[in-house]
Enquirer: 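Structure provided below as structure tokens; questions to follow.
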Number of protein chains: 2
Amino acid sequence: MTSLKFATALHVCLLLAHLEADGPGRAAPSSLLASSIGANPVVVRRILATLTAAGLVTTRTGAGGGAWLAVKPTKIRLAQIYQAVEELVGPGFRPKGNPACPVGRAAPAVIAAVIGEMNKASLAALSRQTLAELLKKLEMSLS
Amino acid sequence: MTSLKFATALHVCLLLAHLEADGPGRAAPSSLLASSIGANPVVVRRILATLTAAGLVTTRTGAGGGAWLAVKPTKIRLAQIYQAVEELVGPGFRPKGNPACPVGRAAPAVIAAVIGEMNKASLAALSRQTLAELLKKLEMSLS
DNA sequence: AATAATTGTAACCATCACTATTACTATTGG
DNA sequence: CCAATAGTAATAGTGATGGTTACAATTATT
């Protein structure tokens, strides 16, 4: 998994939270976000669409439009951002093995359970931090 | 990440451990492993090559050849299997943001740290189980 | 009302990782 | 000698991903 979707979404949220703290009431256009990230504005808008669907950001079209956080950074856990943009977590597995082989019959369920525990641990780690906490770390690294 | 490499490697190891417990001294050909998994023998041999490089299995060419575990199942942690076949863990991130933007400068390092914690949690979960323990679960589900 | 800025999408393309498959050589046991 | 097997290269198909262009719809500003 080397998709940049989570990194992009996290960068978007950090920037929106930073702007909000700096001076509220302003919408950030996708061109601004894309420029900070080094990505394409359309790609950023696609990420924004999934974040909007998850209820994390709001957007407005037209001149002066753009995106802003729909929820306070203290109320956003990083796991919410992850799940908004990456539906599948962790490696894949084959649903069925060879029914003629005992291990082939039983292995898929056991393997799926292992991958499930892996995902659980991943998401738990992300749940331990809020966007506000991460923004604080970022702002400390600015000075 | 929906690669099947980890699931394939785990199935291979489970089957080799099961065969070893059943009756030792026999080499399992890639065709047998592939048949149990429902994968192609060449793909299985490629997985076996990485497991061999990691020191987890041994193979022998020629008639009567095949693969067997090089290490006792009680000494193999699932994280070793994961790292043998999947060099990259977790989602990717962009190494550099826009240097003209404060958040663009600082975000990549912060994001990389988040992903690093995610990976650490994932691998820690896999380190908690040995192949022997997983095999026991599989064998219990057989009855 | 006109204009400029902006989102929301669709369409398309290039790239990459992955799986499957064929084919061949080298090795090994019987 | 022969059959079975690993090792590996070459190739093809597939799906996810990111980039790009294009355009309709919406909104603030003048």
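Labels below follow one simple rule: chain letters A, B, ... track the order of the sequence lines, proteins then strands, and each chain is numbered from 1. Given the structure is predicted, the values throughout are model-derived calculations rather than measurements.
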Enquirer: Please report the distance, rounded to the nearest Å, between CD1 in A:Ile47 and P in D:dG19.
Expert: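 Going from A:Ile47 (CD1) to D:dG19 (P), I get 10 Å.
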
Enquirer: Partners of A:Thr61 by side-chain contact (heavy atoms from CB on, under 4.5 Å), sequence neighbours excluded?
Expert: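 side-chain contact (heavy atoms from CB on, under 4.5 Å) check on A:Thr61 returns nothing, list empty.
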
Enquirer: Return each pair, listed once, that meets side-chain hydrogen bond (donor to acceptor under 3.5 Å, both in side chains) where at least one residue sits in residues 66-79 of chain A; pairs must be two or more places apart or across chains.
Expert: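 For residues 66-79 of chain A: none.
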
Enquirer: For residues 10-18 of chain B, which residues have at least one heavy atom under 4.0 Å from DNA chain C?
Expert: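 Heavy-atom cutoff 4.0 Å gives no residues at all.
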
Enquirer: Quick one: list whatever passes side-chain contact (heavy atoms from CB on, under 4.5 Å) with A:Leu138, sequence neighbours left out.
Expert: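 In terms of side-chain contact (heavy atoms from CB on, under 4.5 Å), with neighbours along the sequence ignored, A:Leu138 is linked to A:Leu14, A:Leu142, B:Val103, B:Ala106, B:Ala107, B:Val110.
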
Enquirer: Apply side-chain contact (heavy atoms from CB on, under 4.5 Å) to A:Ile115 and list each qualifying residue two or more places apart in sequence or on a separate chain.
Expert: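 Partners of A:Ile115 under the side-chain contact (heavy atoms from CB on, under 4.5 Å) test: A:Pro91, A:Phe93, A:Ile111, A:Asn119, B:Phe6.
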
Enquirer: Mind running side-chain contact (heavy atoms from CB on, under 4.5 Å) on A:Leu134 and A:Leu10 for me, showing each step along the way?
Expert: CA-CA 10 Å; A:Leu134 197 64; A:Leu10 205 44; 4.0 Å; yes

Enquirer: Can you tell me the distance, in whole Å, between the NZ atom of A:Lys5 and the C1' atom of D:dT17?
Expert: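 Answer to the nearest Å: 8 Å.
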
Enquirer: Give, ordered by number, those residues of residues 93-104 of chain B having at least one heavy-atom distance below 4.0 Å to an atom of DNA chain C; if nothing qualifies, reply none.
Expert: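 When residues 93-104 of chain B is checked for heavy atoms under 4.0 Å from DNA chain C, there are no hits whatsoever.
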
Enquirer: Can you list every pair that meets side-chain hydrogen bond (donor to acceptor under 3.5 Å, both in side chains) and has a residue in residues 93-104 of chain B, with sequence neighbours left out?
Expert: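 Counting only pairs at least two positions apart or across chains, the side-chain hydrogen bond (donor to acceptor under 3.5 Å, both in side chains) contacts touching residues 93-104 of chain B are A:Thr8-B:Arg94, A:Ser35-B:Asn98.
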
Enquirer: Between protein and nucleotides 6-15 of chain C, map the contacts as a letter string: B base, S sugar-phosphate only, - none, heavy atoms under 4.0 Å, written 5' to 3'.
Expert: BBBBBB----

Enquirer: May I ask you to decide if A:Gly65's main-chain N or O and A:Arg60's side chain share a donor-acceptor pair within less than 3.5 Å?
Expert: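 Pair absent, no side-chain N/O of A:Arg60 close to backbone of A:Gly65.
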
Enquirer: Let me know the distance between CD1 of A:Ile37 and C1' of D:dT17, rounded to the nearest Å.
Expert: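 Distance, rounded to whole Å: 16 Å.
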
Enquirer: So does A:Asn40 get a side-chain nitrogen or oxygen closer than 4.0 Å to the phosphate oxygens (OP1/OP2) of D:dG18?
Expert: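 Negative; the distance criterion is not met.
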
Enquirer: Could you tell me which residues satisfy side chain to side chain donor-acceptor pair (under 3.5 Å) with B:Lys136, sequence neighbours excluded, listed by chain and number?
Expert: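 Side chain to side chain donor-acceptor pair (under 3.5 Å) check on B:Lys136 returns nothing, list empty.
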
Enquirer: When the distance from CZ of A:Arg26 to P of D:dT27 is rounded to whole Å, what number comes out?
Expert: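 It works out to 22 Å between those atoms.
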
Enquirer: Test of understanding: with side chain to side chain donor-acceptor pair (under 3.5 Å), list the residues that count as partners of A:Glu133, not counting sequence neighbours.
Expert: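 For A:Glu133, no residue satisfies side chain to side chain donor-acceptor pair (under 3.5 Å) once neighbours in sequence are set aside.
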
Enquirer: Could I get the full list of side chain to side chain donor-acceptor pair (under 3.5 Å) partners for B:Glu139, not counting sequence neighbours?
Expert: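 Applying side chain to side chain donor-acceptor pair (under 3.5 Å) to B:Glu139 gives B:His18.
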
Enquirer: Once side chain to side chain donor-acceptor pair (under 3.5 Å) is applied, do any residues pair with A:Arg46, and if so which ones, sequence neighbours excluded?
Expert: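 Result, side chain to side chain donor-acceptor pair (under 3.5 Å) vs A:Arg46: none returned.
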
